There are 4 protein chains.
Amino acid sequence: MSLAESRPRPDGPVRGRPRSEAVERAIIEGVMKLLEDGVSLAELSVERIARTAGVGKATIYRRWSGKEELFIDVVRAVEPADPELPGVCMRDDLVVLLENLRQRGLASRTSAMLHNAHAQMKSSPRIWAAYHANVVAPRRALGLEVLRRGQRDGELRTDVDLELANDMLVGPMLTRAVLRPDAELPEGLAEQIVDTVLEGLRPVRSTAS
Amino acid sequence: MSLAESRPRPDGPVRGRPRSEAVERAIIEGVMKLLEDGVSLAELSVERIARTAGVGKATIYRRWSGKEELFIDVVRAVEPADPELPGVCMRDDLVVLLENLRQRGLASRTSAMLHNAHAQMKSSPRIWAAYHANVVAPRRALGLEVLRRGQRDGELRTDVDLELANDMLVGPMLTRAVLRPDAELPEGLAEQIVDTVLEGLRPVRSTAS
Amino acid sequence: MSLAESRPRPDGPVRGRPRSEAVERAIIEGVMKLLEDGVSLAELSVERIARTAGVGKATIYRRWSGKEELFIDVVRAVEPADPELPGVCMRDDLVVLLENLRQRGLASRTSAMLHNAHAQMKSSPRIWAAYHANVVAPRRALGLEVLRRGQRDGELRTDVDLELANDMLVGPMLTRAVLRPDAELPEGLAEQIVDTVLEGLRPVRSTAS
Amino acid sequence: MSLAESRPRPDGPVRGRPRSEAVERAIIEGVMKLLEDGVSLAELSVERIARTAGVGKATIYRRWSGKEELFIDVVRAVEPADPELPGVCMRDDLVVLLENLRQRGLASRTSAMLHNAHAQMKSSPRIWAAYHANVVAPRRALGLEVLRRGQRDGELRTDVDLELANDMLVGPMLTRAVLRPDAELPEGLAEQIVDTVLEGLRPVRSTAS
DNA sequence: CTGTAACCGAGACGGTACGTCCGGTCTTATA
DNA sequence: TATAAGACCGGACGTACCGTCTCGGTTACAG
């Protein structure tokens with residue numbers, strides 16, 4: 001997706017000096033770096049962003065209406081593509097999805113995006129809405145799709161609420177990554193979660209596993 | 001615990017006019033009301049708090065070092081006591097715990113506390129640490145205790161990681177309450193989560209349930 | 001005249017910390033110095049004044065609505081008192097008045113005030129109006145008074161327009177000080193002007209002088 | 001004098017599209033109109049001039065280094081030719097010169113030029129220097145020439161400083177036109193000034209007039 | 001009962017950032 | 001090459017809060 005398309009110049013024929021893409025990149029990179037370095041979005045000011053990127057404030061306001069809109073584009077520039085699913089069996093696809101989530105929880109960039117997007121949820125709902133639409137919703141749709149296929153193929157109980165099933169898988173990972181930032185995300189976590197959730201916690205499972 | 005003890009006057013013999021407890025309550029109540037009305041902690045300023053409570057700024061700074069410390073006391077004043085557990089069987093105790101979580105997710109006060117505490121996690125880790133220690137940790141300990149008892153009583157597989165088990169139960173509720181604020185928390189949700197998690201998602205459960 | 005009276009606090013009873021007179025003086029002194037150093041009023045910004053005086057911008061805006069109003073107070077602080085007139089004869093009084101004008105044209109402070117006040121005449125007429133009322137008008141009234149007394153005492157033709165007479169005396173001095181800043185104001189200039197103007201330019205004056 | 005000559009194209013052989021003289025006139029006319037309408041030179045910006053004239057900013061900067069240089073050309077375009085002197089007697093010639101000065105003080109164009117040129121004296125001395133050389137100096141030379149001739153022909157005292165005599169004549173007119181913009185310049189003013197200055201202010205003039 | 005010390009409200013203080021506007025320079029497409 | 005348009009960096013605008021400070025006035029304990 002071209003960034004320019006989302007913040008178009010007002011009208012039709014292009015006249016005058018065009019906006020510099022280099023400047024645009026410098027601004028977005030600057031914000032990215034600052035967030036990555038632990039500066040929260042609330043602490044960021046347009047003034048500081050401009051100073052960091054060596055850019056006039058007007059140059060930023062010409063493109064975005066404020067740091068919130070800018071942050072949305074930063075998220076877009078950072079989030080990786082959807083993971084490729086092997087498609088062999090539901091269990092393995094779920095592991096891939098959760099492993100992808102784990103990786104993003106470990107990466108400082110995507111992690112910082114998530115934390116800051118969520119932190120601004122109350123003060124500027126637009127940010128969280130955009131983050132949700134661009135990042136959360138696609139992965140969620142993917143997960144539901146995998147579960148639906150699993151149900152069709154007999155790998156999943158047919159009487160279970162798919163939304164709830166998805167939350168049971170994603171919840172433990174998010175809880176650790178988002179709400180307990182001191183928690184670790186060890187290597188086998190994705191498999192462990194998927195298998196435990198599929199198996200259930202009842203002790204009577206003699207034949208399974 | 002007396003609030004006054006946590007923000008003591010500097011030294012020994014009490015001289016001069018004592019601090020007014022009424023003023024103290026007015027300040028905390030004011031902050032509570034503002035947060036409840038959708039004003040985020042980031043948008044709050046000591047200036048505004050003082051105006052709202054009809055109080056001088058110095059009166060606030062005399063007691064707390066800033067709005068973060070003040071917020072911690074607000075949280076303390078708001079959070080209810082731990083729920084009482086029937087203790088009959090693990091499943092019912094878990095339902096009570098999750099139901100308690102659901103209620104707190106529905107209550108505007110406690111919900112606002114959680115959201116704001118988490119939103120400030122990055123910018124002021126002290127807030128989240130205090131919230132965690134005062135609110136999260138006790139409930140978490142309670143949950144782990146219930147699970148441990150269940151394991152001992154044969155209601156829970158012995159080979160499951162208790163931390164993970166707890167996250168599987170709490171995760172879906174928190175995911176909905178915290179990360180998807182548009183999601184509903186319908187009435188039977190606690191039972192539904194507990195039962196589905198205990199049962200697992202595998203289809204082969206002909207005899208169980 | 002007390003400066004405080006001209007920029008009063010909004011209402012009646014004095015509450016809160018009173019405004020610092022030291023800060024007030026520092027600001028006015030700072031502007032004075034800058035103008036004296038050749039910085040024109042147009043080049044001055046409130047930002048710069050604040051930086052120079054080591055003062056916050058709000059501290060300036062709390063007292064004055066902008067640099068124009070501030071300048072008016074600077075003028076008030078700089079202009080010296082009216083000269084004392086010997087009152088023996090009209091000719092000597094006129095010399096004293098013109099000598100006073102010459103001195104003020106030579107002094108960098110008063111000279112800078114005049115030039116800047118006049119330069120802003122078009123862009124902010126309030127400045128020139130205030131300067132005129134505070135500085136020009138009193139001296140002019142003084143001059144007219146002296147001339148009127150001279151007319152009464154037979155030292156001045158009775159058929160001459162007093163306004164014009166005053167302009168004839170003051171004009172040459174101002175022309176040199178204001179419109180031809182490279183011109184000198186040599187020591188005997190006041191006497192020379194007064195005597196030449198009184199005497200006239202016609203050659204037939206054999207007996208006089 | 002061709003205006004183009006004073007702002008030449010950089011070098012030798014003329015290549016590419018030639019500069020439009022219509023554009024040049026439009027710019028100068030625009031500035032003239034703005035000044036005449038009471039907009040001070042300090043309030044003018046190249047940006048605004050360009051907008052008014054419907055011209056790109058670069059088109060202006062290609063010809064002049066800034067609004068100051070442009071203003072000098074505007075002055076050149078506005079100032080009328082020197083007055084023709086009858087040459088019969090000094091007194092009448094002086095009246096013609098002062099009447100010419102009065103007319104220019106009454107005309108909005110020339111008056112605006114003078115005020116703005118003088119207002120910018122401090123901030124951009126080049127403007128006043130140019131104005132002085134182009135407008136003031138020639139008239140002044142003319143006046144001194146007339147006085148010198150009058151001295152030779154016995155119409156003027158030989159012991160008077162010609163520079164001072166000139167200032168005595170011009171001063172009252174300028175004082176009113178420049179420093180007291182509310183003052184009127186009534187019809188017979190030129191004669192009144194000349195006659196009063198020649199005659200002097202002493203009452204003993206029984207035979208004269 | 002009187003000092004006196006800490007309290008209280010208000011608001012001034014030096015700063016920082018806000019979002020807007022305009023300065024002069026630079027860079028494009030078009031003529 | 002000239003032109004009109006407009007992006008570029010920089011900097012001032014006047015406002016809002018920041019956290020500290022300094023007022024006049026209040027309150028409650030100690031002597």
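Note that the structure is a prediction, hence the values are computed from the model and not measured. All chains are named by letter (A, B, ...) in the order of the sequence lines, taking the proteins before the strands, and each is independently numbered beginning at 1.
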Whichever of E68(B) and A53(A) has its nearest DNA chain F nucleotide further upstream toward 5':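 Comparing both residues, the 5'-ward one is A53(A).
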First encountered from the 5' end of DNA chain E, between S65(A) and V23(C):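 Between the two, 5'-proximity favours V23(C).
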Donor-acceptor pair between S123(C) and E43(D) side chains, under 3.5 angstrom: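 S123(C) vs E43(D): no donor-acceptor pair found between side chains.
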Residue pair S124(C) / E68(C), side-chain donor-acceptor N/O under 3.5 Å: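 No, E68(C) and S124(C) have no side-chain donor paired with an acceptor closer than 3.5 Å.
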Side-chain touch D73(A)/V31(A), heavy atoms, less than 4.5 angstrom: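 A side-chain contact is absent here, since even the closest heavy-atom pair is not under 4.5 Å.
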Any side-chain heavy-atom pair of F71(A) and M113(A) under 4.5 Å: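 Side chain of F71(A) against side chain of M113(A), heavy atoms only: contact under 4.5 Å found.
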Closest to the [X] side chain, choosing from [options]:
| X | options | value |
| --- | --- | --- |
| S45(C) | dC13(F), dG19(F), dG19(E) | dC13(F) |
| Y61(A) | dT20(E), dT3(F), dG9(E) | dT20(E) |
| A58(D) | dC13(E), dC13(F), dC26(E) | dC26(E) |

Check every strand shown and say whether [X] touches a base, only sugar-phosphate, or nothing at a heavy-atom separation below 4.0 Å.
| X | value |
| --- | --- |
| G66(B) | nothing |
| R62(A) | base |
| R51(A) | sugar-phosphate |

Separation of [N] [atom2] from [X] [atom1] (nearest whole Å):
| X | N | atom1 | atom2 | result |
| --- | --- | --- | --- | --- |
| I49(A) | dC9(F) | CD1 | C1' | 17 Å |
| K67(A) | dC18(E) | NZ | P | 7 Å |
| R48(B) | dC17(F) | CZ | P | 9 Å |
| I27(D) | dA2(F) | CD1 | P | 13 Å |
| I60(A) | dG10(F) | CD1 | C1' | 13 Å |
| W64(A) | dG19(E) | CH2 | P | 15 Å |
| R19(A) | dA7(F) | CZ | P | 5 Å |
| E47(C) | dC22(E) | CD | P | 17 Å |

Donor-acceptor pair (no angle test) under 3.5 Å: K57(D) side chain, dG6(F) base: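 A donor-acceptor contact between them is absent.
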Base dC7(E) paired with R17(B) side chain (donor-acceptor, <3.5 Å):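 Counting by modelled atom types and ignoring angles, a donor-acceptor contact under 3.5 Å is found here.
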Neighbour count >12 (heavy atoms, 6.0 Å) for atom CZ, R109(C):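 Enclosed.
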T52(A) side chain to R48(A) backbone, donor-acceptor under 3.5 Å: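 Answer holds: yes.
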Taking OP1 and OP2 of [N], is either one under 4.0 Å from a side-chain nitrogen or oxygen of [X]?
| X | N | answer |
| --- | --- | --- |
| R63(A) | dC8(F) | yes |
| T59(B) | dC7(E) | no |
| S20(B) | dC7(E) | no |

